[in-house]
Structures are given as C-alpha cells and as structure tokens.
Amino acid sequence: MIRDKSAKTQAKDAPNKDAAKKAAPAKAGKAPAAKVAGKSAGKKGIIAIAPPSFRRERALIKRGVWPVAGCDEAGRGPLAGPVVAAAVILDPNRIPRGIDDSKRLTAEERERLFDKICATAQVSVAVASPSRIDRDNILRASLWALKRAVVALPEAPRHVFVDGRDRLDTPCNCEAVIGGDGIVLSIAAASIVAKVTRDRLMCALAQDCPGYGFEQHKGYGVPEHLDALNRLGPTVHHRRFFAPVAAARAKHMPWTVEPVQDLFGVTEVQVEASVEVDAGANL
C-alpha cells in the first residue's frame, strides 16, 4: 500500500499556518477602533486624541497646594467684539463629565457644560473691550483680561494654569501651558466658559448691529463679514487697527484715518554759503 506523503505533510503544517494567521498583525482596514476624546472611532484615518485630565491639579493637591485655577480666553482673532477671559477652580469632588477643549465641542455641548461648570465650580469672567484692544494691542489686552479674571475669583488661587506661552503677573504661582485647553482640565473648563460667554455677547451685539451677521460668525473675518464691512463700513465694535477694518474705515470714513508720516521723504534745504577772501592771500 502506497501512502500519500504530501497529504501527511499538509496535515502537519495546518496548525502552524493557523497560528501564523493569528499572530499576523491585522490589516489596516480591520484595525481595532481607536478612541477619540473618550469615544470609540472605527473609521479609517482618525487619530486618537486624549482628553484633558485633572492630573496636574491633583498632583498639586497632594502637595498641599489648593485652590488651583485654570484660565483661558476667547476672541483674539476676530475683527469685532471683545476678548473674553475666564478663570475656573474646579471642585475635585464634583467635576462635570465631558469637559474638553471648547474647539472640540459642539455649541450644544458647550452650552450644557457651561451650566454644569458654573453650578459646581468657582468661576469668574473679565472682558477687554475693542477700545482697550486698539489702545494696548491684542496680546496685552488678552493678558490684562486673564489677570483680571484670576483676581476676580471668589477664592484666591495658590496656583494658576494659563493657556499659551505667556505667564500672568499674579500674586500666586502661574504656569503657562502651550495647548493647555487640550491638556489641563481646569483650562479646558475655562475655555468653555470664555467661549460661551463671548458667543452670547456677540449674539447680543447682532441685535444692535444688524446686517453684519455677528450671530453667525461671532466677529471672525469670514467672507460674509468682510463683505458686510465693505458695504456698510465698520461699527464701534470693530477693532480699528485690524487690517480689514482699517481698509473699511479708509473707504467709508476717510476723515478718521490719520495720515502716515513719510520718514523717507526728501526735504530740500537751501544753504547760503558765504566765502571771505583775504586780499593779502596769494591766489
């Protein structure tokens, strides 16, 4: 009797092939679903982003440092409206779920979290008007509003986290965190409060200044806003020295534009030269 050796070989190799399939990495299209901001995301091309945490605040609490505040502002980039800064001291025992960088949330989520944060945390808000922005520039006005928000908290913090590169001139320690609204939970809470407060202010300004669409774009330089500036001219709520606003002022209110001094102009100066000749000199 002749036995088929090839069949026997295949039978021995079969378990090894199954094990290799199990050990092989999954294909790109069948990878496990990633988690984005605490939610499952099974679609291709989505990068997992960790939500902000209370880790830094809790580390300070363990060292006996409390209260700890986070602060952030909204409205640096728009052409109109104020800069709004907020400071928040979260209650470690009553932190609302879902707090995240305000830019990652929908308007409905921000409104819901705004109410929960104000109900459970210590909150303060400060506003830098367009006139202050024109006088001091946008960076100084923003830092001024942030400091005012920290000082206005019901309880003076012993440590402050602020979003960005610049530290605040506060009586307590201040730590600047770049991208802090996506890292530090207290800053994220402040970003929500500042954003919602400013959005509400811009909707109120829209009632006084119809035609500009403040309730839609909140003062940012979108095409609709630029078109309204070109047609209607700037309002008192616009930032005078932002380039599109300055151009609209020059068109609609040229008498408000101060002439720029030409530092490189050529001025003719006539000099009378007098030469005295000595009669005794040998010429």
Side-chain angles (χ1 to χ4, degrees), residues 33-41 46-76 83-106 109-126 139 142-198:
K35 288 187 177 180
V36 179
K39 299 179 182 179
S40 61
I46 295 180
I47 301 174
I49 301 175
S53 71
F54 200 65
R55 179 177 57 84
R56 299 194 187 198
E57 295 93 331
R58 205 171 295 281
L60 289 169
I61 294 173
K62 289 181 179 179
R63 289 163 43 194
V65 179
W66 187 256
V68 178
C71 56
D72 197 7
E73 47 73 28
R76 279 200 188 189
V83 169
V84 176
V88 174
I89 299 175
L90 291 171
D91 184 344
N93 300 316
R94 294 192 302 163
I95 298 177
R97 290 187 177 183
I99 293 177
D100 203 343
D101 178 359
S102 62
K103 297 184 290 295
R104 299 177 190 166
L105 302 171
T106 64
E109 290 172 330
R110 289 195 296 266
E111 287 284 347
R112 175 177 57 82
L113 285 166
F114 175 90
D115 293 336
K116 290 186 176 181
I117 292 168
C118 291
T120 59
Q122 299 184 50
V123 178
S124 64
V125 173
L139 175 59
S142 299
L143 296 177
W144 176 86
L146 287 165
K147 179 180 177 179
R148 294 275 295 182
V150 172
V151 173
L153 282 167
E155 188 176 1
R158 292 183 58 193
H159 192 97
V160 174
F161 291 107
V162 60
D163 182 41
R165 299 176 179 273
D166 301 292
R167 295 195 307 168
L168 306 177
D169 182 19
T170 55
C172 63
N173 291 331
C174 181
E175 183 177 346
V177 183
I178 298 175
D181 46 6
I183 300 173
V184 182
L185 200 65
S186 297
I187 297 179
S191 76
I192 293 171
V193 173
K195 174 65 175 171
V196 172
T197 302
R198 188 179 187 280

Task: Any donor-acceptor N/O pair, Ser191 side chain to Asp72 backbone, under 3.5 Å - done: no

Open item on the list: Can you confirm whether Ile178 sits close enough to Arg165 that some side-chain heavy atom of one is under 4.5 Å from a side-chain heavy atom of the other?
Closed with: yes

Task: Closest heavy-atom pair and its distance - Ala74, Arg198 - done: O-CD, 3.4 Å

TODO: Could you walk me through whether Val123 and Phe114 pass the side chain to side chain contact (heavy atoms under 4.5 Å, CB included) test, one step at a time?
DONE: CA-CA 10 Å; Val123 178; Phe114 175 90; over 6 Å; no

- [ ] Assess whether atom CZ of Arg112 is packed by more than 12 heavy atoms of other residues, nucleotides or ligands within 6.0 Å.
- [x] yes

- [ ] Only one of Ser186, Cys71, Pro171 passes side chain to side chain contact (heavy atoms under 4.5 Å, CB included) with Val160; say which it is.
- [x] Cys71

- [ ] Answer yes if the side chains of Glu73 and Ser142 hold a donor-acceptor pair under 3.5 Å, and no otherwise.
- [x] no

Open item on the list: Apply side chain to side chain contact (heavy atoms under 4.5 Å, CB included) to residues Leu168 and Leu143 and explain how you reach the verdict.
Closed with: CA-CA 7 Å; Leu168 306 177; Leu143 296 177; 3.8 Å; yes

Open item on the list: Could you walk me through whether Asp181 and Lys103 satisfy the salt bridge (Lys or Arg N to Asp or Glu O under 4.0 Å) test, starting with their C-alpha distance in whole Å, then the side-chain angles of each, then the deciding distance to 0.1 Å, before giving a yes or no?
Closed with: CA-CA 9 Å; Asp181 46 6; Lys103 297 184 290 295; 2.8 Å; yes

Task: Heavy-atom side-chain proximity of Ile183 to Arg56 below 4.5 angstrom - done: yes

Open item on the list: side chain to side chain contact (heavy atoms under 4.5 Å, CB included) for Leu139 and Asp166? Distances and angles first, verdict last.
Closed with: CA-CA 10 Å; Leu139 175 59; Asp166 301 292; 3.6 Å; yes

Open item on the list: How close do Gly70 and Ala190 get, counting heavy atoms only, and between which atoms?
Closed with: O-CB, 3.5 Å

Open item on the list: Taking the side chain as everything from C-beta on, heavy atoms only, tell me whether Leu90 gets closer than 4.5 Å to Ile99.
Closed with: yes

Open item on the list: Please evaluate residues Glu175 and Val184 with respect to the criterion side chain to side chain contact (heavy atoms under 4.5 Å, CB included), reporting the C-alpha separation (whole Å), side-chain torsions for both, the decisive distance (0.1 Å), and the verdict.
Closed with: CA-CA 11 Å; Glu175 183 177 346; Val184 182; over 6 Å; no

